Structures are given as C-alpha cells and as structure tokens.
Amino acid sequence: QVQLVESGGGLVQAGGSLRLSCAASGRTFSSYTMAWFRQAPGKEREIVARISGSGGVTVYADSVKGRFTISRDNAKNTVYLQMNSLKPEDTAVYYCNAGYYSGTFVTVGSWGQGTQVTVSS
C-alpha cells in the first residue's frame, strides 16, 4: 500500500501563499493519479485537486480554481500543491492520496497525518 507524508503547512495571512509537499512510498508512483484533499473542522473531507500519472491532466475544485496549482515530480515520488491568494475559508488539514478516478476518486493509499493550513483574516 502507498504510504504518504504531507508537509509544508503553516499559518499565513489572507492573500499569502504556501506550498505543500507530499512524499509517497513505492515504485509505482507514476502509475497513480494523485490528489490533494482537505478537511475543515466540522466538515467532511473534500477533494481539492488531482493530477494524472504523467502530470498532463489536472482538475481542480471550483473553490480553488485559479489560485491553487497541483504538480508532481515522478523522479522524486512527490506531489505538490502551490496555494496562492489564500483565504480564511482555505483553513483545513490538507491530505494527499494516490488512486484513480472513476466518476469519483478512489484512494489506494494509507491516509497520512496531513498538514495544517491556517489562514488568518
């Protein structure tokens, strides 16, 4: 099973930027679609962005479109989330996972600890 470790979160003012990283184990990283999720207090986990195995296809939630950019480095088994123009409503614990998309995103990895992102107004 794919193991995942997220990092890069922190406290930032509204309008600021952060770059999250997710390191994945395993030799089949490039075969998986990777996705970033977030979970705010009292809310369900939601998908934020996903990227195909080759990196050629990216899809974003409407709430982050134009502000967040997902990318990956298959040589480093790492996926990134560049977050710009952050808003207080982006405050959440951010997670990544591996999987595939079939109408919905099906995860195959173990959920990591996540990384906390807090945006102050």
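Computed from a predicted model, the values in this text were never measured in an experiment.
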Are [X] and [Y] in a cation-pi setup, meaning NZ or CZ lies under 6.0 angstrom from the ring centre and within 45 degrees of the ring axis?
X     : Y      : value
Arg50 : Phe105 : no
Arg67 : Tyr60  : no
Arg38 : Tyr95  : no

Taking the side chain from [X] and the backbone from [Y], do they hold a donor-acceptor pair closer than 3.5 Å?
X      : Y      : answer
Thr107 : Gly99  : no
Ser52  : Val57  : yes
Ser21  : Ser7   : no
Ser54  : Gly56  : yes
Glu6   : Cys96  : yes
Asp90  : Val117 : no

Write down the atom of [X], the atom of [Y], and the distance for their closest heavy-atom approach.
X      : Y     : answer
Asn74  : Ser30 : ND2-CB, 3.5 Å
Lys43  : Gln39 : O-NE2, 3.1 Å
Gln116 : Ala92 : NE2-O, 3.4 Å

Does any non-hydrogen side-chain atom of [Y] lie less than 4.5 Å from one of [X]?
X     : Y     : value
Leu86 : Leu18 : yes
Ser17 : Gln82 : yes
Val79 : Ile51 : yes
Leu4  : Asn97 : yes

| request: Decide yes or no on salt bridge (Lys or Arg N to Asp or Glu O under 4.0 Å) for Lys65 and Asp62, but give the supporting numbers first. | output: CA-CA 5 Å; Lys65 202 172 293 183; Asp62 287 344; 3.0 Å; yes

According to a hydrophobic-cluster definition based on side-chain heavy atoms being under 4.5 Å apart (Ile, Leu, Val, Met, Phe, Trp, Tyr only), do [X] and [Y] belong together?
X     : Y      : value
Ile70 : Tyr80  : no
Leu81 : Val59  : no
Ile47 : Val93  : yes
Met34 : Val106 : yes

| field | Pair Val2-Phe29, side-chain contact (heavy atoms from CB on, under 4.5 Å): steps then yes or no | value | CA-CA 8 Å; Val2 180; Phe29 177 76; 5.8 Å; no

| field | Gln1, CD atom: more than 12 neighbouring heavy atoms under 6.0 Å | value |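 Count over threshold, so yes.
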
| Test item: side-chain donor near acceptor, Thr78 and Asp73, under 3.5 Å |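 Result is no, nothing qualifies.
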
| Side chains of Gln13 and Ser120, donor plus acceptor under 3.5 Å |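 No pair is found: no donor N or O on one side chain lies under 3.5 Å from an acceptor on the other.
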
| request: Establish, yes or no, whether a centroid distance under 6.0 Å links the rings of Trp111 and Phe37. | output: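 Between Trp111 and Phe37, the centre distance is under 6.0 Å.
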
